[in-house]
Amino acid sequence: MALGAQRRTDLLRGVLDLCLLAVMDEGPAYGYEMTRRLRDRGLAIVGEGSIYPLLGRLEREGLVETYRAASNGGPPRKYYRPSGAGRLALAVGVSEWRAVRDAVDAVLAPVKVEVAT
Amino acid sequence: MTDFVEQCRREWRRLGVPDPVAEEMAADLATDLLEAETEGVSVEELLGSSAFDPRSFAASWAAERGVVPARPDGGPRRRRPVGLIAFTAVAAVAVVVAAALLLSGEPKVSVVTRTAHLRVPPPVPAPAGAGGQVLSASAATPVEWILLLLAIVALGFAAWLWSGWARSRSSDVAV
């Protein structure tokens, strides 16, 4: 994996659970639907691993609720939505993310990036 | 794609994931992969590097979801080996004791490794009827050094056993 892609994967790994909680907070979603919502926002590269083990962990920790329902006439799918604890974890996580993002921005903002063409 | 799901299913069966749970996960994965395929999204794009390692992917998913039953002989929650802990503790104490004895000065304990019984004539003419005097000469080896050596060897052996235990534990966790 290229260095840039590896870094994006590493950065995303720490907040992917928040991203999943956020996209399912917009409306219940099944696994692939969440991938699609992430991709529509530019998070196409999940890189190593995938969302499935993460969804399993969120389920085990009681941060999501699940139910089965048909999807547009297709086979029944497992839908996920944040539980009360999940919404709380999302709120706390977003707050932490913003604090880290602002601090990192403060450090990196003065850096001038020159790209050779 | 079907092969990928089938390999996941086999791994879940091997890990002892309950059949209904494994079937549910396999069905969800299969429908997601099918939908992705119809949209032109490859398995690699959907699953990342996991697409090339279905067994690890399946094991990781099941473990994160908490549906892998604990093994009776230990597994990820393997208990600490009490015997090994005791053995390591005894060896460590022995090293400390031997070192302390050696540092404290002259050896106070020794082992008689060789004893020669000499029958020599008495220095003065013995009275009539006396046959001679028995003397004992011994070459002593400080027992502290032997104890220290044995304790160090035992400690090394314990370290080797611990490394084996840690390796088996980490491989269990990885599964």
Side-chain angles (χ1 to χ4, degrees), chain A residues 1-2 5-13 16-17 19-21 23-24 28-40 42-80, chain B residues 1-2 4-9 11-12 15-18 20-70 76-77 173-175:
Chain A
M1 189 182 291
Q6 179 64 51
R7 188 183 299 284
R8 279 195 298 274
T9 299
D10 292 343
L11 289 171
L12 184 57
R13 187 177 293 140
L16 187 54
D17 57 341
C19 294
L20 289 176
L21 286 169
V23 295
M24 70 177 78
Y30 52 88
Y32 181 68
E33 197 174 350
M34 278 182 256
T35 303
R36 191 191 291 132
R37 290 180 187 178
L38 291 173
R39 193 173 61 230
D40 290 346
L43 290 180
I45 301 171
V46 175
E48 294 175 27
S50 74
I51 66 167
Y52 295 96
L54 199 45
L55 286 173
R57 181 164 66 79
L58 293 174
E59 187 177 1
R60 177 168 52 86
E61 293 176 347
L63 298 179
V64 295
E65 295 168 346
T66 64
Y67 63 94
R68 299 195 82 79
S71 59
N72 298 328
R77 312 295 285 264
K78 183 175 183 176
Y79 282 83
Y80 296 80
Chain B
M1 183 177 65
T2 308
F4 185 88
V5 176
E6 200 48 48
Q7 288 188 60
C8 290
R9 205 192 302 264
E11 182 64 11
W12 289 325
L15 292 171
V17 175
V21 177
E23 280 308 313
E24 179 200 281
M25 292 161 77
D28 287 339
L29 181 62
T31 47
D32 278 4
L33 289 173
L34 192 63
E35 188 173 346
E37 191 178 38
T38 57
E39 291 187 0
V41 176
S42 67
V43 181
E44 291 80 14
E45 286 174 275
L46 182 62
L47 302 178
S49 58
S50 297
F52 306 105
D53 191 356
R55 285 187 61 185
S56 293
F57 167 75
S60 170
W61 187 2
E64 290 285 8
R65 198 174 157 184
V67 292
V68 180
R77 291 175 186 160
V173 170
V175 167

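Numbered from 1 within each chain, the chains take letters A, B, ... in sequence-line order.
For B/S42 and B/E45, the side-chain atoms include at least one donor-acceptor pair closer than 3.5 Å. Counted by atom type alone, B/D28 and A/Y52 present zero donor-acceptor pairs between their side chains at under 3.5 Å.
Per-residue counts of heavy-atom pairs under 4.5 Å with chain B were compared for A/K78, A/R60, A/E61; the largest is that of A/R60. Among B/G66, B/A27, B/A58, B/A36, the residue making the largest number of heavy-atom pairs under 4.5 Å with chain A is B/A36.
Heavy atoms of B/V67 lying under 4.5 Å from chain A are absent altogether.
Looking at A/R36 and A/V23, their side chains never come closer than 4.5 Å, going by heavy atoms from C-beta outward.
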Please determine whether ring pair (Phe, Tyr, Trp, His ring centres under 6.0 Å) holds for the pair A/Y67 and A/Y80, giving the CA-CA distance in whole Å, both sets of side-chain angles, and the decisive distance to 0.1 Å. CA-CA 7 Å; A/Y67 63 94; A/Y80 296 80; 9.3 Å; no

